[in-house]
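Both ligands and their constituent atoms are indexed starting at 1 by order of listing. On a predicted model such as this, the values are computed, not experimentally measured, just so you know.
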Amino acid sequence: MKILVINAGSSSLKYQLIDMENESVLAKGGCERIGIPGGKLIHKAHGETFTFEQEMPSHTDAIALVLEKLVDKTAGVIKSMDEIDAVGHRVVASGEAFKKPTLVDDDVMVTMEEIAELAPLHNPAAILGVNACRKVMPGKKMVLVFDTSFHATMPDYAYMYAIDYDDYKTYKVRRYGAHGTSHKYVAGEAAKFLKKDLADLNLITCHLGNGSSISAVKGGVCIDTSMGFTPLAGVPMGTRSGDIDVAAIDFLCNKKGMSIDEGLTYLNKKCGMLGISGVSSDFRDLAAAKAEGNDRARLALDMFAYGCKKYLGAYMAVLGGLDAIVFTAGIGENTPDVRAAVVEGLEAFGIEIDREKNEFKNDGTIHDISGAGSRVRILVIPTNEEIMIARETAALL
Ligand code: ADP
């Protein structure tokens, strides 16, 4: 079975064609500048990179171009579109409307339009991607795979905010979480690596990238996660503040003459590591600045590690025990200093990192960086959201 995985943004579209026989990626790539002059498709197949400069006024044009290249004599990997068994679409937010991956039909797309406001920066783009695929590949089975699905299992007392209950019922304001596909993938891979049944494991999965989220996973089921109604909540991130007393926002908006919208843009784009350090949102730049003695870069990194550590403590408590901590995503996979800072001082809880093992060079494989005496295993697992979307799509079919 071959699954085409699509991740549509407002002016970009990433894709992978995956052969589920052995989960190999036959081709992958991305369209840039959809609807903007200067369109470009970068397509990787047969170990080569092909670049096509072509205008793509709409997502439909982008998908049509991708399909053209997938069946192309030189750059292609399949003979015809019939070889694609289904399409899996990444969708950021599901609200309470979809708890699981869902087969696309007209009714589902009506609901998608209704919940678009929950993720105004992401879901409308996903809708464009699905509609474009339905136009170019009529009749092809398509599945929506939501970033929020994995968190749909949280108990009510974990996902609720302590607001007026009627307002929750009316407006569905609650914790939804994000990065669920990644958390689910690494949890599954951790169980395989540890040669244990996922149902028997208590895990804390740390997806640390530009956006960061931490989840408590009990027996393969997510019971809590750090992101909230939107991805703004939780640990401080590249440019997002993470958890903050909302009253401070009202105060800041008044002082700085910002509207609520501007205040939210400020919290999403100008805060976090960038706001604290004044240097960058990128952890590589922060590490370099800290090494040169920049104290605000040091402070940003300390705040990040401290924020993550507090979630580890909270989630050890809600899990009632811990078998493994999993680090993944750009920072989790590539930044030994951050991993060490997050887990240091937790020896009393059976968490010990092996400093030498922690310094491994990322080679795309799983690394166990636990110390010899560590009761809790500390794993670094490269995430693979596309494979997970393809698996979910195949499973539903
Ligand atoms: P996104 O949320 O945009 O997917 P990533 O998971 O790519 O983000 O994470 C980006 C972060 O990972 C940046 O802060 C970057 O500094 C950090 N990072 C550190 N080393 C690397 C590396 N070798 N490759 C990519 N990102 C890295």
Side-chain angles (χ1 to χ4, degrees), residues 5 7-16 28 30 32 90-93 119 121-122 125-126 145 147-148 150 177-186 189 205-215 225-227 230-242 268-292 294 296-305 307-308 326-342 358-365 367 369 380-389:
V5 175
N7 182 356
S10 56
S11 66
S12 69
L13 183 147
K14 290 190 220 136
Y15 63 92
Q16 286 195 9
K28 66 175 177 180
E32 294 165 20
R90 179 189 180 209
V91 186
V92 167
L121 296 178
H122 296 106
V145 180
D147 280 358
T148 43
F150 184 55
H179 299 141
T181 306
S182 175
H183 288 286
K184 183 172 184 181
Y185 175 79
V186 296
E189 294 301 299
T205 51
C206 307
H207 178 111
L208 310 181
N210 266 326
S212 295
S213 64
I214 300 183
S215 293
T225 193
S226 61
M227 281 180 168
T230 76
L232 183 54
V235 299
M237 309 175 211
T239 61
R240 298 188 193 121
S241 63
N268 273 298
K269 304 247 156 110
K270 300 225 167 94
C271 293
M273 301 296 102
L274 174 66
I276 294 296
S277 69
V279 173
S280 171
S281 62
D282 191 298
F283 276 63
R284 287 165 286 200
D285 300 339
L286 293 172
K290 178 183 163 183
E292 283 167 11
N294 184 316
R296 279 174 55 184
R298 188 273 315 154
L299 173 62
L301 289 165
D302 282 354
M303 286 174 70
F304 182 77
C308 292
V326 181
F327 287 103
T328 193
I331 299 160
E333 294 169 30
N334 295 297
T335 314
D337 288 354
V338 173
R339 290 191 297 256
V342 170
N358 182 37
E359 293 294 328
F360 72 89
K361 261 243 165 300
N362 188 3
D363 56 0
T365 66
H367 287 259
I369 56 170
V380 183
I381 303 185
T383 194
N384 194 332
E385 289 161 285
E386 290 78 13
I387 288 284
M388 198 67 227
I389 292 170

Counting non-hydrogen protein atoms only, what is the nearest one to atom 17 (C) of ligand 1? Give residue, atom name and distance. I331 CG1, 3.7 Å
When only distance counts, is G330 in polar contact with ligand 1, meaning an N/O pair under 3.5 Å? yes
Between M273 and S280, is any pair of side-chain heavy atoms under 4.5 Å apart? no
Parallel, tilted or perpendicular: rings of F304 and F283 (30°, 60°): perpendicular
Test of understanding: given a 4.0 Å heavy-atom threshold, classify the contact between D285 and ligand 1 as side chain, backbone, both, or neither. neither
For the pair D363 and T365, evaluate side-chain hydrogen bond (donor to acceptor under 3.5 Å, both in side chains) and give the outcome as yes or no after the intermediate values. CA-CA 6 Å; D363 56 0; T365 66; 2.8 Å; yes
Is there at least one protein heavy-atom neighbour under 4.0 Å from atom 4 (O) of ligand 1? no
What atoms of ligand 1 come within less than 4.0 Å of a heavy atom belonging to T335? 19 (C)
Kindly compute the distance separating OH (Y15) from CG (N7), expressed to the nearest 0.5 Å. 13.0 Å
Is there any N or O on G209 that sits under 3.5 Å from an N or O of ligand 1? no
What residue and heavy atom of the protein are closest to atom 14 (O) of ligand 1, and at what distance? F283 N, 3.0 Å
What protein heavy atom lies closest to atom 16 (O) of ligand 1? Include the residue and the distance to one decimal. D282 OD1, 2.4 Å
T205 and H183 side chains, donor-acceptor separation under 3.5 Å: yes
Option nearest atom 20 (N) of ligand 1 (shortest heavy-atom distance, choices N334, V338, T328): N334
Quick check: A329 and ligand 1, any N/O pair under 3.5 Å apart? no
Under the side-chain hydrogen bond (donor to acceptor under 3.5 Å, both in side chains) criterion, do H207 and S182 qualify, and how do the steps go? CA-CA 7 Å; H207 178 111; S182 175; 2.8 Å; yes
In terms of residue, atom name and distance, what is the protein heavy atom nearest to atom 25 (C) of ligand 1? R284 NH1, 3.7 Å
What's the separation between atom CG in D337 and atom CD1 in I331, rounded to the nearest 0.5 Å? 12.5 Å
So which protein heavy atom does atom 10 (C) of ligand 1 come closest to, and at what separation? N210 N, 3.7 Å
Scan side-chain atoms only and decide if S11 and E32 contain a donor-acceptor pair under the 3.5 Å cut-off. no
Could you tell me the separation between the CD1 atom of I276 and the CG atom of D302, rounded to the nearest 0.5 Å? 11.0 Å
Under 4.0 Å from one or more heavy atoms of G211, ligand 1 contributes atoms 2 (O)
